[in-house]
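Note that the coordinates shown come from a computational prediction; the quantities given were computed from them, not determined experimentally. In listed order, ligands and their atoms are each counted from 1.
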Amino acid sequence: METTTLPHTDALKEAPTTHPVHPLVRRRWSARAFGEASIGDDELATLLEAAAWAPSAMNEQPWRFRHARRGTPAFDALWDLLKPGNQPWTRNAALLIAISGVKHHARNEAPNASWQHDVGMATANLLLQATGLGIHGHLMGGFDKERTQEHLGLDPEREEVVTILALGRITDPETLEEPFRGRELAPRTRKPLDEIAFPL
Ligand SMILES: Cc1cc2nc3c(=O)[nH]c(=O)nc-3n(C[C@H](O)[C@H](O)[C@H](O)COP(=O)(O)O)c2cc1C
């Protein structure tokens, strides 16, 4: 019988929390060893809908998601915009998504002070939903922003790309070259709570 080696990295990467944090939060991590498995159309729709249900100032919903599947010219074009340090491990991602935000309120054209905040809220929803589906995501700020804006035909005064997200299903970390393999296996760390939270 054929046997497959399941990636053990999920267990390795689970956040070692001291309090009973929800498993979806503990188990989300930024993976790099994407395998061949794809993401279905229904799964993608679920991810996008989870993002859409995030809160936003005045319910403006400033987030926009432009997605491309591996093996398409659209994917190759987005991949080409990534910084060299992000290119080797994103080749196998099932999807790349350019995540952007509209910077003004639709109703009166006034600047929306919280557009970046709200794009982040939607992105977090998407990532947690992905975790629930066994899909891994990895956000990247490392891309050529100017060229990306041009490529997508976006006027930076109106709409700005914040991150490019790689999504997929993980495989054996040994498929990665260094330094990415080492990063895939490194423990996850966070500041202690008393450095980020203060009773008033
Ligand atoms: C806005 C943003 C930009 C990021 N840019 C990159 C990037 O260009 N390349 C990369 O490998 N990781 C990038 N990351 C991933 C972070 O390094 C990662 O989230 C952080 O180290 C915490 O690890 P964890 O997501 O596994 O908990 C980015 C994350 C965010 C939120």
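At a distance under 4.0 Å, no protein heavy atom can be found next to atom 16 (C) of ligand 1. Contact annotation for atom 13 (C) of ligand 1: protein present (non-hydrogen atoms, distance under 4.0 Å).
Only the side chain of Arg32 comes within contact range of ligand 1, with a heavy atom under 4.0 Å; no backbone atom does. With a heavy-atom cut-off of 4.0 Å, Arg190 touches ligand 1 through its side chain alone.
Interface atoms of ligand 1 facing Ser30, defined by a heavy-atom separation under 4.0 Å, are 18 (C), 19 (O), 24 (P), 25 (O), 26 (O). Of all the atoms in ligand 1, the ones that sit under 4.0 Å from a non-hydrogen atom of Trp29 are 26 (O). Counting the atoms of ligand 1 from 1 in the order shown, those under 4.0 Å from a heavy atom of Gly142 are 8 (O). Heavy-atom contacts of Trp89 reach the following atoms of ligand 1: 11 (O) (cutoff under 4.0 Å). Within the listing of ligand 1, atoms 1 (C) sit less than 4.0 angstrom from a heavy atom of Thr163. Atoms of ligand 1 lying under 4.0 Å from any heavy atom of Asn86, numbered from 1 in the order shown and given with element: 7 (C), 8 (O), 9 (N), 10 (C), 11 (O).
A pairwise comparison of heavy atoms in Gln87 and Leu82 identifies NE2-O, 3.3 Å as the closest pair. Of all heavy-atom pairs spanning Glu109 and His104, the tightest one is O-CD2, 3.0 Å. Shortest non-hydrogen contact noted between Val161 and Lys145 is O-CE, 3.1 Å. Nearest heavy-atom pair, Ala166 versus Ala93, reported as atom, atom and distance to 0.1 Å: CB-CB, 4.0 Å.
A salt bridge between Glu14 and Arg188 is absent, with no side-chain N of the basic residue lying under 4.0 Å from a carboxylate O of the acidic one. A salt bridge links Arg181 with Glu178: at least one charged nitrogen is closer than 4.0 Å to a carboxylate oxygen.
Gln61 and Asn59 share a donor-acceptor pair across their side chains, judged by distance under 3.5 Å alone.
At least one donor-acceptor pair closer than 3.5 Å links the side chain of Thr17 to the backbone N or O of His19. Without hydrogens or angle criteria, Glu184 side chain to Arg32 main chain gives a donor-acceptor distance under 3.5 Å.
Looking at Leu139, Val162, Thr189 and measuring to atom 28 (C) of ligand 1, the nearest heavy atom belongs to Leu139.
Using cut-offs of 30° and 60° for the angle between ring planes, the His136 and Trp29 rings count as perpendicular.
The shell of residues lying under 4.0 angstrom from ligand 1, judged by heavy atoms, includes His138. Not a single heavy atom of Lys83 lies less than 4.0 angstrom from ligand 1. Residue Phe143 places no heavy atom under 4.0 Å from ligand 1.
Of the protein's non-hydrogen atoms, the one nearest atom 5 (N) of ligand 1 is Gly141 N, 2.8 Å.
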